Amino acid sequence: MAKIKITQIKSVIDRSERQKKTMVALGLTKINKSVEVEATPAIIGMVKQVTHLVAIENI
């Protein structure tokens, strides 16, 4: 499977609790923190919910 690199670029302050929990589930807790994950349908769905807070790169 393909891997993607997800980087948090904006703060989760003043965001809904659901978006905050999604960011934690992705492994993102601080601005400029990056994680490399498999591009599964579940992960892609989570990223789509918080696209305004993250930057995505294909690896």
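Only a predicted model underlies this, so the values are computations on that prediction, with no experimental measurement involved.
Listed for the Gln19 side chain is no donor-acceptor partner under 3.5 Å among the backbone atoms of Lys21.
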Extract all donor-acceptor atom pairs below 3.5 Å that involve side chains of residues 47-59 and protein atoms in other chains or at least two apart in sequence.
none

Just distance, no hydrogens or angles: give the donor-acceptor pairs under 3.5 Å from side chains in residues 25-42, sequence neighbours left out.
unit_1 : atom_1 : unit_2 : atom_2 : d
Ser34  : OG     : Thr7   : OG1    : 2.7
Thr40  : OG1    : Ile43  : N      : 3.3

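Around the NZ atom of Lys20, the shell of radius 6.0 Å holds more than 12 heavy atoms that belong to other residues, nucleotides or ligands.
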